[in-house]
Amino acid sequence: MKIWVIAEKKDGELRRVSKELAAKAASLGDLVVLEVTGERVSGAAAATALAERAQADPPDLILTGATPSGRDVAARLAAKLKRAYLSECTDLAIAGSSIEATRAMYAGKVRARVRAALPAVASVRPNAFPLAEGAAEPRITAVPAGPTPGLTFVRFEPTASGGGRVSLSEARVIVSGGRGLKGPEAWEAVEALADVLGAALGASRAVTDAGWRPNEEQVGQTGKTVTPDLYIALGISGAIQHLAGMTSSKVIVAVNKDPDADIFKVADYGVVGDVFEFLPAFTEAVKHVKAGA
Amino acid sequence: MRFLICVKQVPDSTTRVKVAPDGTSVVTEGVTWSVSPYDEYAIELALEHKDSAADTVVSVISVGGPRTKDALRQALAMGCDDATLITGDGADALGPLGIANALKSAVDDLKPDLVLCGKQASDDDQGFVGPALAEVLGWPHVAVVTKFTPSTSGTEIWKETEGGHEVWKASGPAVLTVQKSAKDPRYPSLPGIMKAKKKEIPERSVAGVDDPVKIEIVKLEPPPARGGGKILKDGDTKAHAALLAKLLRDEAKVL
Ligand SMILES: Cc1cc2nc3c(=O)[nH]c(=O)nc-3n(C[C@H](O)[C@H](O)[C@H](O)COP(=O)(O)OP(=O)(O)OC[C@H]3O[C@@H](n4cnc5c(N)ncnc54)[C@H](O)[C@@H]3O)c2cc1C
Ligand SMILES: Nc1ncnc2c1ncn2[C@@H]1O[C@H](COP(=O)(O)O)[C@@H](O)[C@H]1O
């Protein structure tokens, strides 16, 4: 069983999800870690480079992280190879000449076990597989990619508030704010908490629609699906479309002044109270417990 | 300019999806069907161009059984100009590459300048058909698009990435897979609904479409039940905050 992991780097470092996949793949078969290299490579160009290599030396299974670019490359590559693509898997197993995967369907409202014939391509969510502390870095082989016919990169437009934080899809801790925070000013306190926790920022659609926070922070059916160890929902009511994106989190904390808010139905811990009173007190308390108090 | 938008009919986003007794499908009885949310955003982006450039033609197309016509009428009622249904025996059971191949044959005839898909359909959550359609067409694609601006020299396309947008330029036709964008999809207007009712929806057949890949559903289940959590109420929020921090460290072990 030959398994390719298409690795991704961020700021020069191998992404955690790539390491998780390499560890998992090594337990399933013979691991080859590849990285597509080149300046601003499109999904199509990356797929072309990888498909050429696959034709010369066919793998049984190709894995990418379920990151925006991992999903992009995986889908196009699977189409090029005329193979199944299973997107955003949370578990994988080889069953004879097939792959079986667990993945969410219906915007997270249903959990599915799906099967496809090998060879196949799958993208896997961050945090799906454990990563042993101090695991050796896998050896990476570069696969250079060329330009894309008919498509050129023009420029990068950074989001005003984007920089510095861990990405939402890979975060272990997410602090997410809703309309209960009343306005963009409240994020000063939200960010203070996120800083203490090393967390990524999330938001409900009410917040991104109002323009308080950028779209890319939205969690839910028409935003990101997230699977952190800890998801803290502040002033979020728990609409079905929001829940779709975050109920696979390991631990959910909800803070809401309405004791009947739906978010409490999925929460492992909750505080019924005013979020503005809660936030500074909780930030201080987290500092304390982290310092061992 | 002609835009072609590929739309899929899925259960409305407010549906509480239930697994059917067979364990491999969902209950369809009582479900309200709708155009998949990201496809609605794609329609909105195209209609915004039509609002400012009147010679724009916005076409929609869908692969599916007879019920799929309702999704196409919804798109027409929003303001799309024409709709095509690709249907016939097995249309509902086509795999992702079969759908892409069926769409390709229509693209070859309709000759749009740009094809828009949703980032992913909200039933299978795959995000496969858009890039697959680009592949069988031999076109470039850009995924997770929030904005595009066509001009005579090509189309500028905004792709959402971590920390910002990559702006790409397509010199010719391309497939874009659309992310939630700045403006919410418009609602069908009353005159729009009346007009959509009367529109002819031409059909094409799925017969003979190459469908090389099957993804089999072994089992569906509701997500693991949650709740029964520790809810701290009645009392001092500050004290609750301090207790919560301790619980997260000592009990949940996530700090
Ligand atoms: C097709 C479609 C797709 C959608 N996709 C998404 C999506 O991806 N993500 C998403 O989030 N939504 C989505 N929605 C919208 C969703 O239905 C809800 O409207 C949205 O999630 C509500 O956001 P909210 O919880 O922040 O606001 P609200 O529902 O207004 O809730 C605010 C909460 O704050 C609480 N509150 C108020 N003041 C305080 C205070 N001082 N202290 C503590 N608590 C307070 C209130 O009790 C209330 O529960 C979608 C809707 C549709 C139709
Ligand atoms: N049956 C279909 N008919 C038309 N377009 C479809 C169909 N299935 C998928 N698509 C398009 O492909 C996108 C991605 O679908 P999926 O790969 O199923 O997640 C959808 O948002 C639609 O734009």
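To find a chain, count down the sequence lines: A is the first, B the second, and so on, and within it residues start at 1.
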Under 3.5 Å side-chain donor-acceptor pair for A:S87 and B:Q120: no

A:L197, part contacting chain B, at a heavy-atom distance under 4.5 Å: side chain

Region of B:A170 that comes under 4.5 Å of a non-hydrogen atom in chain A: both

Contact class of B:L97 relative to chain A, heavy atoms under 4.5 angstrom: side chain

B:T177 and B:P131, any side-chain heavy atoms less than 4.5 Å apart: yes

Chain B contacts, top residue of A:L279, A:T222, A:V286, A:T102 (heavy-atom pairs, under 4.5 Å): A:T222

Chain B contact via A:E284 - which portion, at a heavy-atom distance below 4.5 Å: neither

Toward chain B, the part of A:R172 with a non-hydrogen atom under 4.5 Å: neither

When A:K80, A:R71, A:Q218, A:K82 are compared by non-hydrogen pairs under 4.5 Å with chain B, the top option: A:K80

Region of A:K250 in contact with chain B, defined by heavy-atom distances below 4.5 Å: backbone

Donor + acceptor pair across side chains of B:T146, B:E160 (<3.5 Å): no

B:V26, part contacting chain A, at a heavy-atom distance under 4.5 Å: side chain

Pair A:Y106, B:D124: side-chain N/O donor-acceptor within cut-off below 3.5 Å: no

Side chain, backbone, both or neither of B:P173 within contact of chain A (heavy atoms, under 4.5 Å): neither

Under 4.5 Å from a heavy atom of chain A, the part of B:S181 involved: backbone

Interchain contact, B:W139 with chain A, by part (heavy-atom threshold 4.5 Å): backbone

Under 4.5 Å from any heavy atom of chain A - which part of B:D184: side chain

Between B:V19, B:L247, B:V10, the one whose heavy-atom pairs under 4.5 Å with chain A are most numerous: B:L247

Heavy-atom proximity to chain A below 4.5 Å, by part of B:L133: neither

Atom group of B:A239 that falls short of 4.5 Å from chain A, counting heavy atoms: neither

Contacting region of B:D210 [heavy-atom separation from chain A under 4.5 Å]: side chain

Chain A contact via B:V129 - side chain, backbone, both or neither, heavy atoms under 4.5 Å: neither

Toward chain B, the part of A:V253 with a non-hydrogen atom under 4.5 Å: side chain

Heavy-atom proximity to chain A below 4.5 Å, by part of B:F128: both

Contact winner vs chain B - A:T247, A:D274, A:D229, heavy-atom pairs under 4.5 Å: A:T247

Residue selection (most heavy-atom pairs with chain A, distance under 4.5 Å) from B:K183, B:H240, B:E156, B:K214: B:E156

Greatest number of heavy atom pairs closer than 4.5 Å to chain B - which of A:K265, A:R155, A:E277: A:R155

Part of A:D268 within contact of chain B (heavy atom distance under 4.5 Å): both

Largest heavy-atom contact set with chain B, pairs under 4.5 Å, which of A:R83, A:E100, A:R103: A:R103

Per-residue contact mode, A:P158 against chain B (heavy atom under 4.5 angstrom): both

Nearest heavy atoms of B:F3 and B:P112, plus distance in Å: C-CB, 4.4 Å

Contacting region of B:P212 [heavy-atom separation from chain A under 4.5 Å]: side chain

A:R205-A:Q241 side chain donor-acceptor pair, cut-off 3.5 Å: no

Toward chain B, the part of A:K257 with a non-hydrogen atom under 4.5 Å: neither

Contacting moiety of A:L77, where chain B heavy atoms sit under 4.5 Å: neither

Proximal component of A:L151, with respect to chain B [non-hydrogen, under 4.5 Å]: both

B:R16 atom CZ, over 12 foreign heavy atoms within 6.0 Å: no

Which atoms of A:S248 approach chain B - backbone, side chain, both or neither, heavy atom under 4.5 Å: backbone

Pair A:T67-A:E8, side-chain donor/acceptor within less than 3.5 Å: yes

Per-residue contact mode, B:V213 against chain A (heavy atom under 4.5 angstrom): side chain

Check: B:K169/B:S153 side-chain N/O donor and acceptor closer than 3.5 Å: yes

